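Worksheet for the structure shown next.
Per chain, numbering begins at 1; letters A, B, ... match sequence-line order. Just so it is clear, the model here is predicted, and its values are computed rather than measured. All heavy atoms count here, side chains included; hydrogens, waters and symmetry mates do not.
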Amino acid sequence: MFGAGGGTSSYLEAEEADVIVLWGSNAREAHPIYFHHVLRGLRNGAKFYVVDPRRTTSAQWADLWLGLDVGSDICLANAIGREIIHAGLVNHEFVSRATANFDAYVEAVEPYTLERAERETLVPAQAISELAHAYAQADRAQLCWTLGITEHHNATDNVFALINLALLTGHVGRWGSGLVPLRGQNNVQGGGDMGALPNKLPGFQDVVTNLDARERFERTWGVPIPAQAGWHLSLMFEAMERKELTTAYILGENPLRSEADTDRAERLLGGLEHLVVQDIFLTDTARLAEVVLPGTASWCEAEGTVTSSERRVQRVRRALEPPEGARDDIEIICELARRLGTDWGHPTAQEVWDELRSLSPIHAGMSYPRLEQLGGLQWPCRDESDPGSPFLHGRLWEEDPELRGPAAPFTPVVAEGPLDSLNEEYPIRLTTGRRLDSFNTGVQSSHYQTPIRRPEALNLSPEDMARLGLQDGDLVRVASRRGSVRAPVQTDAGLRPGLAFMTLHFPEQVATNRLTLDAWDPLSGTAEFKATAIRVEPVSPAPPLDALQPVRSTS
Amino acid sequence: MDLRLGLAGPPTDGEKAAVDSVLGDPESGWDGGTRTQRDGHMAVGGHQARGRRHLLLPALESLQERTGWVSPSGLDYLCTRLSVPPAEAYGVAAFYSLLRTDPSPPTVVHVCDDVVCLSQGAEDLCREMEARFGAEGRLDPETGVGWTRSPCLGRCEQGSAALLQRSSGPNGRTSLAPASADAIAALLGGTDPEWLPAAPVRTPPEQRRLLRRVGRVNPASLDSYRAWGGYQALRAALRMGPSAVVEELKRARLMGRGGAAFPTGAKWEAVAANPLRPHFFVCNADESEPGTFKDRVLLEQDPFAVLEALTIAGLATGSERGYVYIRGEYPEAAAGVARAVAEARRHGFLGPSVMGSDFNFEVEVREGAGAYIAGEETALFNSIEGKRPEPRNKPPFPTQAGLFGRPTGINNVETLVNVLEILTVGGEGYAQLGTSGSTGTRLFCVSGCVQAPGLYELEFGATLAQLLELAGGVPPGRSLRAVLLGGAAGSFVGPQDLGIRLTFEDTRAIGASLGSGVVLVLDDTVDLGAILRRLARFFRDESCGQCVPCRVGTVRQEELLARLSAGRTIGSVQAELQLLREIGAAMRDSSICGLGQTAATAIESAVRLGLLGGLEGSV
Amino acid sequence: MNGHRVALAAPRRLLTLTIDGREVKVPEGSTLLQACRQVGIDTPTLCYLENLTPVNVCRVCVVELEGSRTLVPACSRKAENGMVVSSDSERVRASRKLVLEFLASSVDLSLCAPEVSAWMSRYGADPARFGSPEPGNVDRDRTRPGEHSPVSQDGAATVAQPPKLDNDTYVRDYSRCILCYKCVEACGSDAQNTFAIAVAGRGFEARISTEFDVGLPDSACVYCGNCIGVCPTGALMFKSEFEMRQAGTWAPERQSVTTTICPYCGVGCNLELHVQDNSIVKVTSPLDHDVTLGHLCVKGRFGYRFVQSRE
């Protein structure tokens with residue numbers, strides 16, 4: 001945000017906030033221990049708002065749940081912004097001193113009246129207004145989101161719409177007030193930290209514009225670095241389509257199952273000239289590969305670091321001997337380099353990390369001994385006396401313009417619904433998400449079971465179940481414009497008529513991503529997993545499915 | 001909250017009605033009502049939903065009263081409506097002996113076999129019950145009637161007592177005293193008594209102060225109450241203002257009558273002075289100490305007096321809401337007080353601008369559901385809040401963090417009614433009654449082996465002998481063995497102690513206490529061993545189970561008495577008595593609340609007096 | 001390993017009190033237990049844990065406070081200026097001894113931490129004084145409140161009962177339960193807020209229970225294992241540990257503990273991997289790390305198995 005790709009707050013801030021807004025996130029199930037901090041905040045008296053099409057387990061804790069129509073986030077956010085402006089609740093001191101482009105924002109949100117928002121988001125105007133007033137009037141407010149915001153074709157606009165609200169109210173850059181994008185995997189943040197982004201060097205240093213940084217890397221590595229952004233995953237897939245990209249080296253990912261529009265992913269990955277997969281499992285993607293490199297489980301068979309959603313870098317450690325034949329990722333990469341003609345020696349994880357510290361200023365102060373002693377450090381941490389940064393952008397509150405630095409700009413955005421539109425043929429909106437006990441495509445989570453594990457099912461509202469004459473466990477055919485799958489159905493009172501829900505956890509059982517759309521956001525490259533138009537057809541005769549537990553109803 | 005609900009199936013119409021009668025109709029599909037389109041796009045919950053937890057016990061009681069038990073589907077519906085986790089709601093329901101979480105017969109009779117009734121032949125009644133209704137405690141839903149033994153039902157002056165609990169017909173709970181199997185059968189046959197027999201108040205009218213109106217005023221009539229001088233004290237209080245009321249109390253040197261004898265004025269002053277708002281005031285009418293019935297008499301026969309005193313307390317402490325928490329075994333008292341509240345509100349003695357002043361005060365009547373421990377002040381707060389009535393550790397004290405965590409005043413019924421007297425005669429006038437350490441009058445619940453059991457109001461300073469003489473002494477031809485003074489948490493005194501003055505200071509000096517005013521007289525016809533074992537059983541049955549010394553200590557104490565009475569001691573009798581002392585010391589020293597701290601007091605005093613047959617002089 | 005909390009609290013006043021004749025200075029807000037520990041006085045605790053709200057129910061930490069009628073629980077009593085405390089007076093020793101005897105005579109303490117038997121011998125606790133242990137009441141879970149269990153004339157009542165084996169993840173052996181409330185707190189408002197279990201019944205028949213004693217799979221349980229993480233007596237146990245113990249293969253002396261980060265979502269929970277014979281046998285989390293405070297979710301607790309499922 002404003003230059004660095006990480007959340008601005010610490011988890012602990014949720015415990016001391018007056019208002020917590022969870023937008024497009026079911027943290028109760030997807031980030032359960034973060035939600036513990038939220039719950040402590042609620043016990044301390046915080047008001048809690050959840051914006052989500054489904055009344056999720058998180059939403060059931062909310063003082064107010066706003067059940068918006070899938071993909072209408074920008075309309076809702078803009079209407080909240082407009083209401084804050086019209087109610088005279090803008091933090092003008094902050095806006096005038098620390099932001100830019102305010103007038104353009106005011107103009108851009110003016111059309112988003114509460115009435116229009118109620119029409120387009122379907123959330124009652126009174127609820128929108130209540131959230132706007134509570135957020136603006138809070139002394140300290142946390143605004144958190146996850147994939148409900150980012151798994152849309154216009155993900156970046158969605159994020160800007162939320163950032164605008166924080167700028168409008170001054171809810172950023174202070175302890176207790178901030179923006180919290182929760183990361184879905186244990187080192188998504190660390191991947192970004194380390195430069196696994198097409199346009200960044202490690203430490204979020206722009207490969208095109210940051211000449212100093214590029215020079216530093218070139219000097220240290222002794223090779224020229226192309227001054228141009230690379231491809232993100234969606235662009236790579238397009239390049240595969242054009243046969244420009246013919247070889248891929250995939251580490252620890254299962255794109256065949258995790259990408260939207262499975263049929264297309266299968267065709268493209270299968271059509272590569274050469275595919276190398278490095279993973280701890282022989283995943284479905286690995287089965288397509290020419291070469292499979294068995295890696296180690298980085299979190300328990302190797303040394304290293306990961307970075308969490310609060311920018312905290314923490315150590316992972318080797319607790320287990322890896323199975324025979326599996327090799328440390330560093331060792332594999334160095335061996336690959338050696339065979340390609342460069343000898344990098346046999347560096348330890350700590351040596352690799354120390355090189356990173358020498359090149360990435362925000363990590364410079366994070367020595368292994370300090371990470372050990374302090375239970376992790378939050379970047380930026382610029383030298384070994386720096387305690388790290390529990391929150392970002394405190395500079396925006398500085399009196400001195402020098403210290404305050406560049407203004408944070410408002411980015412006006414325009415509402416735009418999902419690309420996969422509903423019509424008579426595809427009348428139901430399918431959205432996706434996680435369940436508490438499962439994870440992504442199940443590569444990790446399918447190896448254990450507790451009594452809460454349930455097989456995949458298409459969740460439908462009680463009204464749709466009745467309308468379609470379905471009982472829990474009946475089999476249906478779910479069809480989208482791209483493909484179809486068969487799945488049992490299950491009633492979920494957290495859904496309203498016309499809204500359906502599935503996970504991606506059990507691709508062997510139900511390949512949900514055969515239905516989803518691979519339309520992607522041009523800036524982040526994220527695909528629109530959250531908004532698919534589907535049709536549900538009972539399959540007769542319906543074979544009864546065993547072991548289906550009734551879904552949790554709501555309180 | 002993300003509760004797991006719906007597994008128990010939908011509620012029956014009866015269960016729904018029982019819950020809705022307390023909570024009102026559901027406000028949305030999320031609240032147990034019909035789903036609307038709006039419910040698909042917003043839901044209100046969170047703090048607001050969780051804020052209604054205090055309605056849990058009244059709703060559980062409603063389920064019990066209307067459907068005969070707290071069923072899984074009924075509980076599930078209640079939990080949906082209140083956002084209470086089912087496990088917690090079950091934990092609450094499974095605490096109270098008047099709530100049942102298994103199917104049970106439509107009628108359950110609770111027969112008192114506690115110390116007073118036991119000394120009056122309760123075992124004979126239990127044998128009759130068994131002959132007529134089958135084994136005790138076998139609550140088979142297929143049979144029409146089941147029965148259980150019960151701790152004291154607070155009708156000790158009337159001989160044997162029973163409480164009927166019915167889930168069909170117009171009457172839920174009904175008290176019966178004197179109880180016999182025939183009378184119970186008649187009651188079940190449909191002949192409900194019009195009104196309970198008046199409690200024998202033995203003090204002559206001209207000597208009564210707290211009991212002035214009892215038996216003479218019409219308890220259902222506000223006019224009657226006012227004709228007897230009602231609401232003059234409140235008028236005076238409104239004129240004087242809160243701090244002057246507290247000053248009068250301090251001048252009167254009024255001490256609490258609940259057992260702890262804490263200065264009432266100081267308590268009220270501490271609440272009034274606390275800056276945290278709002279404040280609450282609770283009238284503790286959970287009178288459950290075995291042998292105690294005085295508060296019941298006041299509640300049943302002079303309910304407006306209790307309300308007037310509570311209103312004055314609310315005024316003096318800056319409270320905006322008062323609660324009268326009445327034990328579930330007193331259904332008639334609860335109904336009478338509830339009627340009085342409605343009547344007082346209708347006539348401007350409660351509600352906004354009380355008696356035309358700028359003081360607003362509301363009163364809620366809450367009923368217990370069968371738990372002695374709920375009379376402990378902090379347990380009582382938990383009970384009102386919809387939690388298990390487990391006592392809290394102190395500090396903090398109620399004046400700092402009481403009901404809903406707010407500064408709270410709490411007094412029992414008798415203490416409060418004294419306030420009317422104080423404001424009538426003035427603090428100094430009141431302080432002239434009694435002794436220097438014990439001002440005013442005291443109510444004594446005289447029961448057991450006396451010719452005239454009943455309620456006596458005496459000025460502090462009278463001796464035990466004088467009180468027994470007023471009560472006619474033990475029946476001719478028998479001799480006094482011991483008197484249990486103060487209730488189960490009190491102690492035994494012997495014939496040699498009859499000269500003691502019944503004051504706080506004199507009883508304290510001999511290691512006894514007035515407790516709740518119980519004077520249970522036992523003569524040589526009574527099996528004292530059985531009385532002691534019943535006391536031990538009482539504490540075991542009524543322990544909340546929270547702290548180890550009380551939860552296990554009360555069991556070990558009961559086992560030890562059983563061994564002694566059966567002559568099956570482990571080692572010598574001396575060793576057993578030593579162990580009994582150690583158990584008692586641990587309970588007294590390290591239990592959380594007064595129940596555990598006093599669970600050994602009476603038994604130890606009995607040992608000291610040599611009341612354990614054959615063990616005289618062994619201590 | 002410590003998490004660091006950067007928001008600085010206001011500096012706290014120092015209080016001075018006397019414990020066992022020694023002057024002790026502690027910051028305002030400290031408990032007597034913290035004060036005792038600060039000067040190295042070993043104070044037994046069973047229901048106390050750093051990451052839970054003190055419930056002060058076990059009463060094994062009681063100390064004598066001058067001016068107080070009864071002993072006070074060190075774990076929750078706040079220190080005040082001028083307090084005079086004895087942690088080893090005769091009254092304290094007698095109460096601690098009896099409390100330990102009460103527990104040991106009614107509950108199976110054999111899987112407790114070794115300190116418990118050390119305390120037993122320190123205070124000379126002899127649970128056999130109350131007679132031989134009675135078999136438990138098989139209908140404990142259905143006891144009505146206030147219903148009187150017949151009293152034995154020979155032995156000491158116990159909470160003995162068969163373990164509850166109603167799922168493949170947890171074992172609940174309430175014959176080992178001292179009713180310390182820790183599991184209820186961890187399942188409830190101190191951490192997980194799932195409230196699958198609560199205390200039901202009362203007195204000696206008080207017990208940890210789901211609603212209507214339904215099995216865990218029918219309860220709200222989400223298998224986070226936080227109740228097991230705080231259980232001090234082995235009443236709650238992972239099925240895997242239970243089975244290894246039954247097979248005689250559970251060998252804590254051969255186990256190493258390594259702290260690492262959970263491989264699932266991006267919260268970054270610290271995991272302590274307990275490894276025996278190159279196999280993860282249990283997962284816990286450090287109580288003092290401010291991300292987890294010792295609590296995990298079902299994935300962190302059980303999701304490790306995939307690394308052991310490779311061919």
Which atoms of C:T143 are under 4.5 Å from chain B, going by heavy atoms: the side chain, the backbone, both sets, or neither?
neither

By a 4.5 Å heavy-atom criterion (distance strictly below it), what part of B:F95 contacts chain C: side chain, backbone, both, or neither?
both

Per-residue contact mode, C:K97 against chain B (heavy atom under 4.5 angstrom):
side chain

Answer whether the closest heavy-atom distance between the side chains of B:Q165 and B:Q64 falls below 4.5 Å.
yes

Would you mind telling me which of B:E542, B:E559, B:M587 makes a side-chain contact (heavy atoms from CB on, under 4.5 Å) with B:T554?
B:M587

Please flag which part of C:P54 lies under 4.5 Å from any non-hydrogen atom of chain B: side chain, backbone, both or neither.
neither

Are any of the side-chain nitrogens in B:R100 or C:E147 under 4.0 Å away from the carboxylate oxygens of its partner?
no

If I measure from the heavy atoms of chain C, does B:I570 come under 4.5 Å with its side chain, its backbone, both, or neither?
side chain

Side-chain heavy-atom pair C:N193, B:D2 within 4.5 angstrom cut-off:
no

Taking B:E376 for the side chain and B:T378 for the main chain, is one N or O donor matched with an acceptor at less than 3.5 Å?
yes

In sequence, state the C-alpha distance, the side-chain angles, and the governing distance for C:T158 and C:E134, and then conclude on side-chain hydrogen bond (donor to acceptor under 3.5 Å, both in side chains).
CA-CA 6 Å; C:T158 67; C:E134 291 278 306; over 6 Å; no

Give, as side chain, backbone, both or neither, the part of B:Q597 having an atom under 4.5 angstrom from any heavy atom of chain C.
side chain

Side chain / backbone / both / neither for B:E390 at chain C, heavy atoms under 4.5 Å:
side chain

Pick one of side chain, backbone, both or neither for C:S76, based on which atoms fall under 4.5 Å of a heavy atom in chain B.
side chain

Which atoms of C:S149 are under 4.5 Å from chain B, going by heavy atoms: the side chain, the backbone, both sets, or neither?
both

Going by atom types only, do B:E136 and C:H148 share a side-chain donor-acceptor pair under 3.5 Å?
no

With a 4.5 angstrom heavy-atom cut-off, which part of B:S104 approaches chain C: side chain, backbone, both or neither?
neither

Whatever's closer than 4.5 Å to a heavy atom in chain C on B:A89 counts as neither

Pick one of side chain, backbone, both or neither for C:E64, based on which atoms fall under 4.5 Å of a heavy atom in chain B.
neither

Turns out that what part of B:R388 lies under 4.5 Å from chain C's heavy atoms comes down to side chain

Segment of B:L75 engaging chain C (4.5 angstrom heavy-atom cut-off):
side chain

When the 4.5 angstrom heavy-atom criterion is applied to B:T148 and chain C, the contacting part is side chain

Please check this pair: side chain of C:R207 against backbone of C:C177, looking for a donor-acceptor N/O pair closer than 3.5 Å.
no

Please classify the contact of C:A206 with chain B as side chain, backbone, both or neither, using a heavy-atom distance under 4.5 Å.
side chain

Measuring heavy-atom distances to chain B, does C:A157 have an atom under 4.5 Å in its side chain, in its backbone, in both, or in neither?
both

Less than 4.5 Å to any heavy atom of chain B: does that hold for the side chain of C:R142, its backbone, both, or neither?
both

Chain B contact via C:R129 - which portion, at a heavy-atom distance below 4.5 Å
both

Plane angle bin for C:F212 and B:Y90 - parallel if under 30°, tilted between 30 and 60°, otherwise perpendicular:
tilted

With only heavy atoms counted, which part of C:L179 is less than 4.5 Å from chain B, the side chain, the backbone, both or neither?
both

Taking the basic N atoms (NZ, or NE/NH1/NH2) and the acidic carboxylate oxygens, is any pair closer than 4.0 Å for C:E205 and B:R540?
yes

C:T210 versus chain B, the contacting section by heavy-atom distance below 4.5 Å
backbone

Is chain C contacted by the side chain of B:R537, its backbone, both, or neither, given a heavy-atom distance below 4.5 Å?
both

Proximal component of B:D589, with respect to chain C [non-hydrogen, under 4.5 Å]:
both

Under 4.5 Å to a heavy atom of chain C? For B:S150 that would be neither

